[in-house]
Amino acid sequence: MRLQLTPDWPSDQDGAHRVQERLRPLVRNRPLPAPPRTLAGLDVAYEGGHGSAEDRVAAAVVVLDARTLEVVDRATAVGTAGFPYVPGLFAFRELPVLVAALEQLATTPDLLLCDGQGLAHPRRFGLACHLGVLTGLPTLGVAKTPLLGSWDEPGPFRGDSADVRDGGEVVARMLRTQDGVKPVTVSTGHLITLDDACAQVLAAAPRYRLPETTLPQPSAGGTPFADRLCRDALAAADRSGVPLS
DNA sequence: GCGACAG
DNA sequence: ATCTTGTCGC
């Protein structure tokens, strides 16, 4: 798929805030038009990883058949973060390399599962919203920890959930994807509802806490996960001295 | 003012 | 994110 970063890509925090404020009104939330046939899981690995703009990054995209969760496509890209880590602006570190990886894809996924927040963001425009606007595809955010908001403890079983509220508004849902595990934070990105987002995350995580695409464990049964892929891409780039973009 | 803060 | 041993629990 052919993609393009916005022309006014920011170089500082004020510029980044302006980009978020400008793009936020473009987000649309509605039910998915049809059950997605393919899901793409996205992840980024860091080297250095201390939050500086110079950190080396590698992105991986794994596209799965939504029904069988089998891999149908994959892509990776390496580069430099180019932006320091600031809570609320972390999309500016990951978007360039994620877009580069998405461009390598032979197929166009029906839904993008992003590692981080969507709506549950100080300016209501987390990574998942941003990537949705850039791609025009349905997106959702699955985060391992919330960025903001308050909620009640969800029930103990898989599928139990509790709304996350911030400023009187429901911005996410704490969702238990397996019995007894710590809940994940699910929020809408673009072209999806919170109900649909939670249903998709639950369906994509039949075995572990995180979706099959984002599992931070070595592939147990030969299933490649985005996290594993991008680490390998970073290591391969180091070995051959590939120039950073 | 103080603390918290996706990856 | 990343650095990392042992350890608690099913």
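Naming convention: chains lettered A, B, ... in sequence-line order (proteins, then strands); numbering from 1 in each chain.
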### Query
Quick one: does A:Leu140's side chain get under 4.5 Å of A:Leu113's, heavy atoms only?
yes
### Query
Roughly how many Å is it from CD in A:Glu94 to P in C:dA1, rounded to a whole number?
9 Å
### Ion pair A:Arg18/A:Asp8, N-O distance below 4.0 Å
no
### Task
Measure from NE2 on A:His121 to C1' on B:dC5 and round the result to the nearest Å.
11 Å
### Query
Looking at A:Thr145, does any N or O in its side chain come under 4.0 Å of the phosphate oxygens OP1/OP2 on B:dG7?
yes
### Query
How would you label the contact of A:Leu127 with the nucleic acid (heavy atoms, under 4.0 Å): base, sugar-phosphate, or nothing?
base
### Query
Expressed in angstrom and rounded to an integer, what is the separation of A:Leu147 atom CG from B:dA6 atom P?
6 Å
### Task
Please work out if A:Gly88 contacts a base, only the sugar-phosphate, or nothing of the nucleic acid, heavy-atom cut-off 4.0 Å.
base
### Query
With a 4.0 Å cut-off on heavy atoms, is A:Pro122 in touch with a base, just the backbone sugar-phosphate, or nothing at all?
nothing
### Face-to-face stacking of A:Tyr85 with C:dA1, centres under 5.5 angstrom, angle under 30°
no
### Query
Once you round to the nearest 0.5 Å, how far does CG of A:Leu202 lie from CZ of A:Arg158?
4.0 Å
### Check: A:Lys182 main-chain N/O paired with A:Arg209 side-chain donor or acceptor under 3.5 Å
yes
## Note on the structure
Separation of C:dC3 atom P from A:His50 atom NE2, nearest Å, is 9 Å
### Query
What's the NE2-C1' distance between A:His130 and B:dA6, to the nearest Å?
15 Å
### Expected output: side-chain A:Arg93 to main-chain A:Ser52 donor-acceptor under 3.5 Å
yes
### Message
Categorize A:Leu89 for me: base, sugar-phosphate, or nothing, with a 4.0 angstrom heavy-atom threshold over every strand shown.
### Response
base
### Summary
note: A:Arg56, atom CZ; B:dG7, atom C1'; distance rounded to Å ~ 18 Å
## Note on the structure
Rounded to whole Å, NZ of A:Lys144 lies from C1' of C:dT2 at a distance of 12 Å
### Query
CZ of A:Arg93 versus P of C:dA1: gap in Å, rounded?
12 Å
